[in-house]
Amino acid sequence: ATDLFGFQWVLHDWSDAECVKILKNCKRAIPSEGGKVIIMDIVVGAGSSDQKHVETQVLFDLFIMTINGAERDEKEWKKIIFEAGFSSYKIIPVLGVRSIIEVYP
């Protein structure tokens with residue numbers, strides 16, 4: 001089994017149903033103790049709310065709309081994570097609009 005799967009700027013390109021399918025496959029491949037999935041993506045509303053941050057978020061939203069993807073807030077990420085069978089998660093805002101989402105079996 002692999003202890004860790006990581007996704008950077010990937011899941012926002014997929015529908016909720018596809019994200020659940022991807023994460024379910026990851027959950028099957030990691031150990032139930034010590035394994036985790038790390039997602040680096042946008043969590044709408046996490047982190048700073050200054051003008052530059054908001055403008056960057058709007059630009060990402062427009063881009064994602066052109067490829068039929070989705071930017072998700074914490075509630076939407078939580079729904080996907082729990083539907084995929086994971087038990088908990090932690091969101092860590094990092095640089096700019098990016099957050100790290102640690103997902104645990």
### Task
Mind running side chain to side chain contact (heavy atoms under 4.5 Å, CB included) on I91 and I100 for me, showing each step along the way?
CA-CA 6 Å; I91 294 175; I100 294 173; over 6 Å; no
### Query
Counting only N and O atoms by type, is there a donor-acceptor contact under 3.5 Å from the side chain of E18 to the main-chain atoms of S15?
no
### Query
Do E102 and I92 have side chains that get closer than 4.5 Å, going by heavy atoms?
yes
### Query
So, for V37 and C26, which heavy atoms are closest and what is the spacing to 0.1 Å?
CG2-CB, 3.8 Å
### Rounded distance [0.5 Å steps], CD1 in I81 versus NZ in K79
12.0 Å
### Query
CD1 of I101 to CD1 of I38: how many Å apart, nearest 0.5 Å?
11.0 Å
### Message
I need the F82 CZ to W77 CH2 distance, nearest 0.5 Å.
### Response
14.0 Å
### Message
Would you compute the distance between atom CD1 of I22 and atom CD1 of I39 and round it to the nearest 0.5 angstrom?
### Response
9.5 Å
#### Entry: Over all atoms of both residues, closest heavy-atom pair of P93 and S99
CA-OG, 3.5 Å
### Task
For side chain to side chain contact (heavy atoms under 4.5 Å, CB included), just list the numbers for K27 and F86, CA-CA rounded to whole Å, side-chain angles, deciding distance to a tenth of an Å, and then say yes or no.
CA-CA 7 Å; K27 185 167 188 306; F86 288 89; 3.5 Å; yes
### Query
So, for P105 and S32, which heavy atoms are closest and what is the spacing to 0.1 Å?
CG-O, 3.8 Å
### Query
When you look at D41 and R72, which way does the salt bridge (charged side-chain N to carboxylate O under 4.0 Å, His left out) test go after all the steps?
CA-CA 9 Å; D41 219 316; R72 298 173 175 94; 5.9 Å; no
### Task
Measure the CD1-CD distance between I80 and E83 for me, rounded to the nearest 0.5 Å.
7.5 Å
#### Entry: Straight-line distance of C19 SG to K24 NZ, nearest 0.5 Å
13.0 Å
### Query
Is there a side chain to side chain donor-acceptor pair (under 3.5 Å) between Y89 and E74 once you walk through the steps?
CA-CA 10 Å; Y89 67 94; E74 181 175 356; 2.8 Å; yes
### Query
Among the clusters formed by ILVMFWY side chains lying less than 4.5 Å apart, do V43 and Y104 turn up in the same one?
no
